Number of protein chains: 2
Amino acid sequence: MSMRTHWEGDAFDPECPTRIVLDRVGDKWTVLIVDVLDGGPKRFNEIRLAIGGITPKVLTSTLRSLVADGLVDREVFAEVPPRVEYSLTDLGRSLQEPVAALRRWAEANVAAITGNRDRHAEAGQADRA
Amino acid sequence: MSMRTHWEGDAFDPECPTRIVLDRVGDKWTVLIVDVLDGGPKRFNEIRLAIGGITPKVLTSTLRSLVADGLVDREVFAEVPPRVEYSLTDLGRSLQEPVAALRRWAEANVAAITGNRDRHAEAGQADRA
DNA sequence: CCGTATCCCTCCCGATACTG
DNA sequence: CAGTATCGGGAGGGATACGG
């Protein structure tokens, strides 16, 4: 068993770090949840209402996977009524940096992309006419 | 019709820039293709062989969408046999920066994530036992 | 060489209803 | 409050074979 400090090619390998992180961060709700939790610990329904449009089932499963990956902590308080708090781990917080970089690029360039998309779609229409 | 220079909330909106870019870059082959093309213009089968494991159909559709988004250029040469070259646009090249940031984070932290995943899976086994 | 055309299958996600 | 149970649609992607 060898320890590897750097990734050498094989980018299509399912174990490629970039692939794993892209799958993790590319799903529909992860970035939103991490963003909400960046404002401090939150309870289940706080997160749900802060995001809006997410069903309990999906929020549960996404939170579970985030906990499994060590990006989020889940703490249960023995109270009545029951209280559960979710918070970012250091690892989860550190993820905000590259995501912010992507966000900046997105805000700067999304207009170009959608513009190209629309123009391309129009061209397709014209071809059929 | 108003022009917006900055994104204000509504992150769950399908038009959220980060969402759009995440969908674009999060698909299975985009990053690999852009990476290959970063080494200079390439022909269809060059890309296909460089990546490996991608079927012609999927490569075609991914390339088409990249062209539609203005990240890749497609140039046809009127030769026999026919030659088609794909290359990155400036926009496509600029995408490499945030992707590189994500890649660096991935290489630095993927071991932690997969370690957490494995430990979590084992714990699940133990619970059932 | 550069793709298209079909078929199919899996996984993500959503709607709805219910529970400790 | 904090979830679970069940059902199902739809998009992305793969296998295989064929066309310009």
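These numbers were taken from a predicted model, which means no experiment stands behind them.
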- For B:Leu32 and B:Lys28, which heavy atoms make the closest approach, and how far apart are they?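 Taking B:Leu32 first and B:Lys28 second, the nearest heavy atoms are CD1-O, 4.1 Å.
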- Minimum heavy-atom distance A:Ser61-A:Val58, with the two atoms named: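 Looks like OG-O, 3.1 Å.
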Please state how far atom [atom1] in [X] lies from atom [atom2] in [N], giving the value in whole angstrom units.
| X | N | atom1 | atom2 | answer |
| --- | --- | --- | --- | --- |
| B:Phe77 | C:dG3 | CZ | P | 13 Å |
| A:Leu59 | D:dA5 | CG | P | 16 Å |
| A:Arg48 | D:dC1 | CZ | C1' | 10 Å |
| B:Leu22 | D:dG12 | CG | P | 15 Å |
| B:Glu85 | C:dC1 | CD | C1' | 13 Å |
| A:Arg83 | C:dG20 | CZ | P | 24 Å |
| B:Asp23 | D:dA11 | CG | P | 13 Å |
| A:Leu63 | C:dC13 | CG | P | 13 Å |

So, is [X] near the phosphate of [N], with a side-chain N or O under 4.0 Å from OP1 or OP2?
| X | N | value |
| --- | --- | --- |
| A:Tyr86 | D:dC1 | no |
| B:Lys57 | D:dA17 | no |
| B:Arg43 | C:dG3 | no |

Taking the minimum atom-to-atom distance to the side chain of [X], which one of [options] wins?
| X | options | result |
| --- | --- | --- |
| B:Thr60 | D:dA2, C:dC1, C:dG3 | C:dG3 |
| A:Lys28 | D:dG13, C:dC13, D:dT16 | C:dC13 |
| A:Asp27 | C:dG3, D:dG3, C:dC13 | C:dC13 |

- Task: Under 4.0 Å between any heavy atoms, over every strand shown, what does A:Arg64 touch: base, sugar-phosphate, or nothing? Just pick one.
- Result: sugar-phosphate
- Query: Which is true for B:Arg74 with a 4.0 Å heavy-atom rule: it touches a base, it touches only sugar-phosphate, or it touches nothing?
  - Reply: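 Counting heavy atoms under 4.0 Å across all strands, the contact made by B:Arg74 is with sugar-phosphate only.
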- Task: Name the residue closer to the 5' end of DNA chain C, choosing between B:Pro56 and A:Pro82 according to the nucleotide with the nearest heavy atom.
- Result: B:Pro56
Donor-acceptor pair, side chain of [X] and main chain of [Y], under 3.5 angstrom:
| X | Y | value |
| --- | --- | --- |
| B:Ser65 | B:Thr62 | yes |
| B:Trp105 | A:Val99 | no |
| A:Asn116 | A:Ala112 | yes |

